[in-house]
Chemist: 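I'd like to ask some things about the structure below.
FYI, side chains are in, hydrogens and waters are out, and symmetry mates aren't considered; it's all heavy atoms of this structure.
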2 protein chains.
Amino acid sequence: MGRVTIKDVAKQAGVSLGAVSQALSPNPNSTIKVGDATVMKVRKAADKLGFRPHAGAKSVRSNKFHNVGFFVAKKGVLDRPPEGYLMGVSDAAQKRGYRIVLVGMENGQGQYQNVVPSLLREKNLDALVVASHHHLSAVIHDELENMNLPVVYVNDKHESNSAWVDDYNGARMMTDYLIERGASSVVFAMRLHSDNQKIEDMHYSAEMRIDGYKAAMQAAGLEADIRTVVMGETLEFNQRIPDDWLFGGGKELPDAIFAYDDDLANSIAKIMYRKNIRIPEDIAIAGYNGAYASLCAWRPLTTMRIPSYEMGYAALELALKIIEDSGRKECPSIKFRPELVIGESTR
Amino acid sequence: MGRVTIKDVAKQAGVSLGAVSQALSPNPNSTIKVGDATVMKVRKAADKLGFRPHAGAKSVRSNKFHNVGFFVAKKGVLDRPPEGYLMGVSDAAQKRGYRIVLVGMENGQGQYQNVVPSLLREKNLDALVVASHHHLSAVIHDELENMNLPVVYVNDKHESNSAWVDDYNGARMMTDYLIERGASSVVFAMRLHSDNQKIEDMHYSAEMRIDGYKAAMQAAGLEADIRTVVMGETLEFNQRIPDDWLFGGGKELPDAIFAYDDDLANSIAKIMYRKNIRIPEDIAIAGYNGAYASLCAWRPLTTMRIPSYEMGYAALELALKIIEDSGRKECPSIKFRPELVIGESTR
DNA sequence: CTGTTAGCGCTTTCAT
DNA sequence: ATGAAAGCGCTAACAG
């Protein structure tokens, strides 16, 4: 039993080839119109024969794939939140009859080698959603421009074609909250990937979060206190931060620590716990991102939840808008608002 | 500037069409052989023109897609661990030049409507990896059989073509550990999706974990105590379990609770915390799965870690074995061992 | 609506 | 190695 083709269906249904094509995947611009009766007849025949259209063959003529790539500009991404982006992208795609194709970063020996992964070397996608957690996305951006492939960004801020979060206000709200709850010394903690990494080279959210934090501190008449630690590119759950990073050696314990993200917040909280400093009684700790891990833990973290599912969903819809209006190249970016989720790591 | 095809490359390189085809994607069985010099020349021309082969066109002749589907037989999966399966699958695929295509469950109004999602109705995949967390996979199994699509299971136990975990020994080890650490009353807690759900209708791991737990209790001369609670299909992080489920109304607080999975363990721990029962001083709580959330939390959970990345990786390799040995239909299933990860929810 | 035909981009065969 | 040509499954254009 070879493969069942449209030809077999036509024979079985007793109609023409073109009729089958139109019955199964109608095109309003087609010169050939099929009636409901024919459609039914064709469907029945197709079902009986177990016909499944060959996606590749379709794409050859139409040059449409109904595939959208999901590119993660980060190593080892899928093992950690927020994977809500992917879920949103996937649901939106499925609803519109598109498939999501995973495109991973290629990396050898901890270095990004081929910036454009080999999977993109084949023509197989109608568009690409880039989920950025990394300054690297800037490099990719240029490389992709030449490929004539519409690109949409999720969790990255660009002039157009992106879904991003208003982290300035997010950080401001979090800092305000900590101050309101009684903190007068609030440290903003973040990690760097290397000794001399500049804020400008980091993800856009770094600058926004710092600015939001500073603004809130200034408005309250408090002094901003930003502390950084140099760590590897990813923060493994067993990777330790030096115990004396935040205090010790003369430094005082602040009332609250606002960490750049939940990973860092959890790591800091672990240090405190080891030192028998009680959370939230002795110190308040807040994170950012609203990672699943922070929310469902038996001792949930106070965090700013990013609407990652909605952002992924919106990003895919942006991508489809561009694909389907074949003239248009750009759509305005969409701003999302984060939401304060109060856990048990603050009072 | 239309699309750059193999024809343009041939012209640019000054060689024949067939030569380009062979130079760029060599086939040992081809009658036409190209030398290294030609290959170089062709590659250079292709690079210069920005040539990207059309995946669809390739697939028409060869009937190979270099796509493997990843099917999640569960609603809203990608938002929660263990997503390590997907990462393993994705890495293994990338290494071998395959793409991962996400195939979601279609569900309307909380009911599974079309068991085989529409994305599978097109011929587009060489194989499918089914990640099962659900008895539903049995239904899918039958439906897929007719499709002539090799199917491999991850986190499900079948005679062949599956990567599964030895949960019997996992549960046994966990129970032994709890007993060793001083517990004499250990409750095994699990949830049911409906009032009259039978263990046999659940995921294979339910029975294995129960049996492992029972065996350990019996070996220690203790009485098994299994308690179930009826909940929705998914356990949201804000979904509450009745506070009096495990104790109250005459029931005594056990020394330890071994929960079917980390989600449930976290929920139980939250109840305890609300009731001012100290963990681990007053009661020990253990989970299962080794979800990222459990491991990276600032108060990590004691859990059995499933090697989900490795399982996903292995499952994909099984799939490729079947794809590439076009004769073979089955490979022996692979058993994985879970690993005890001691957190701070037990002594 | 039908039947026929061209053609998408690529692989493969055939004769040279 | 070449150039020519067939064919994969499908869509789309053509005249009826």
Side-chain angles (χ1 to χ4, degrees), chain A residues 1-42 45-46 49-67 121-126 148, chain B residues 1-42 45-46 49-67 121-126 148:
Chain A
M1 61 151 283
R3 1 183 190 173
V4 181
T5 76
I6 204 176
K7 217 168 168 175
D8 303 312
V9 178
K11 200 179 294 171
Q12 171 79 23
V15 298
S16 72
L17 260 176
V20 174
S21 177
Q22 282 311 303
L24 295 180
S25 40
N27 177 349
N29 305 328
S30 171
T31 67
I32 143 173
K33 307 284 170 199
V34 290
D36 290 350
T38 318
V39 171
M40 292 309 256
K41 205 164 50 178
V42 171
L49 297 176
F51 169 72
R52 296 168 57 221
H54 192 292
K58 280 189 162 184
S59 74
V60 179
R61 282 230 53 142
S62 61
N63 216 25
K64 295 263 188 306
F65 299 90
H66 282 84
N67 288 164
R121 297 222 188 87
E122 284 205 346
K123 221 174 297 172
N124 183 50
L125 303 175
D126 299 317
N148 212 23
Chain B
M1 60 144 288
R3 359 183 191 173
V4 181
T5 75
I6 204 176
K7 216 167 169 177
D8 302 313
V9 178
K11 200 178 295 172
Q12 170 78 25
V15 299
S16 71
L17 261 176
V20 174
S21 176
Q22 283 309 304
L24 294 180
S25 38
N27 177 347
N29 303 329
S30 172
T31 67
I32 142 173
K33 307 285 170 198
V34 289
D36 290 350
T38 318
V39 171
M40 292 308 256
K41 205 163 50 177
V42 171
L49 297 177
F51 170 71
R52 296 167 57 222
H54 191 293
K58 281 190 161 183
S59 73
V60 179
R61 285 225 55 139
S62 61
N63 216 25
K64 294 262 187 307
F65 298 91
H66 282 84
N67 288 164
R121 298 225 186 84
E122 284 204 347
K123 221 174 296 171
N124 183 51
L125 303 175
D126 300 317
N148 213 23

Chemist: In the structure I gave you, are the side-chain heavy atoms of L24(A) and F51(A) within less than 4.5 Å of one another anywhere?
Modeler: yes
Chemist: Less than 4.0 angstrom between a side-chain N/O of N27(B) and OP1 or OP2 of dT11(C), yes or no?
Modeler: no
Chemist: Heavy atoms only: give me the nearest E122(A)-A55(B) pair and the separation to one decimal.
Modeler: OE1-CB, 3.3 Å
Chemist: Under 4.0 Å between a side-chain N/O of N63(B) and OP1 or OP2 of dC8(D), yes or no?
Modeler: no
Chemist: Mind calculating the distance between CZ (F65(B)) and P (dC8(D)) to the nearest angstrom?
Modeler: 15 Å
Chemist: Could you tell me how far apart K123(A) (NZ) and dC10(C) (C1') are, to the nearest whole angstrom?
Modeler: 11 Å
Chemist: Would you say that more than 12 heavy atoms from the other residues, nucleotides or ligands in this model lie under 6.0 Å from the NZ of K7(A), or not?
Modeler: no
Chemist: Tell me the interatomic distance from K64(B), atom NZ, to dG9(C), atom P, rounded to whole angstroms.
Modeler: 24 Å
Chemist: Suppose we screen for side-chain contact (heavy atoms from CB on, under 4.5 Å). Which residues come up paired with Q12(A), at least two apart in sequence or across chains?
Modeler: A45(A), K48(A), L49(A)
Chemist: Give, for atom OG1 of T5(A) and atom NZ of K11(A), the distance between the pair rounded to the nearest 0.5 Å.
Modeler: 8.5 Å
Chemist: Can you list, in residue-number order, the parts of residues 5-14 of chain A that come under 4.0 Å of DNA chain D, counting heavy atoms only?
Modeler: T5(A), I6(A)
Chemist: Table please: side-chain donor-acceptor pairs of residues 59-66 of chain B below 3.5 Å, with sequence neighbours left out.
Modeler:
unit_1	atom_1	unit_2	atom_2	d
S59(B)	OG	G56(B)	O	2.7
S62(B)	OG	K58(B)	O	3.0
S62(B)	OG	K64(B)	N	3.2
N63(B)	OD1	R3(A)	NH1	2.7
N63(B)	OD1	H54(A)	NE2	3.2

Chemist: All N/O contacts under 3.5 Å from nucleotides 13-16 of chain C to the protein, with atom names and distances to one decimal?
Modeler:
none

Chemist: Rounded to the nearest Å, what distance is computed from the CZ atom of residue R3(A) to the P atom of nucleotide dG7(D)?
Modeler: 14 Å
Chemist: Round to the nearest Å and state the distance from R121(A) atom CZ to dG9(C) atom P.
Modeler: 22 Å
Chemist: May I have the distance from L17(B) (atom CG) to dA4(D) (atom C1'), rounded to whole angstrom?
Modeler: 10 Å
Chemist: Tell me which residues in residues 49-62 of chain A lie within less than 4.0 Å of DNA chain D, going by non-hydrogen atoms.
Modeler: F51(A), P53(A), H54(A), A57(A), K58(A), V60(A), R61(A)
Chemist: Given that S16(A) and S21(B) both sit by DNA chain C, which one's nearest nucleotide is further toward the 5' end?
Modeler: S16(A)
Chemist: Please check the phosphate of dC10(C) (OP1 and OP2 only) for any side-chain N or O of Q22(B) closer than 4.0 Å.
Modeler: no
Chemist: Any side-chain heavy-atom pair from N27(B) and Q22(B) closer than 4.5 angstrom?
Modeler: yes
Chemist: Go through the structure and list residues passing side-chain contact (heavy atoms from CB on, under 4.5 Å) with T38(A), not counting sequence neighbours.
Modeler: V15(A), V34(A), V42(A)
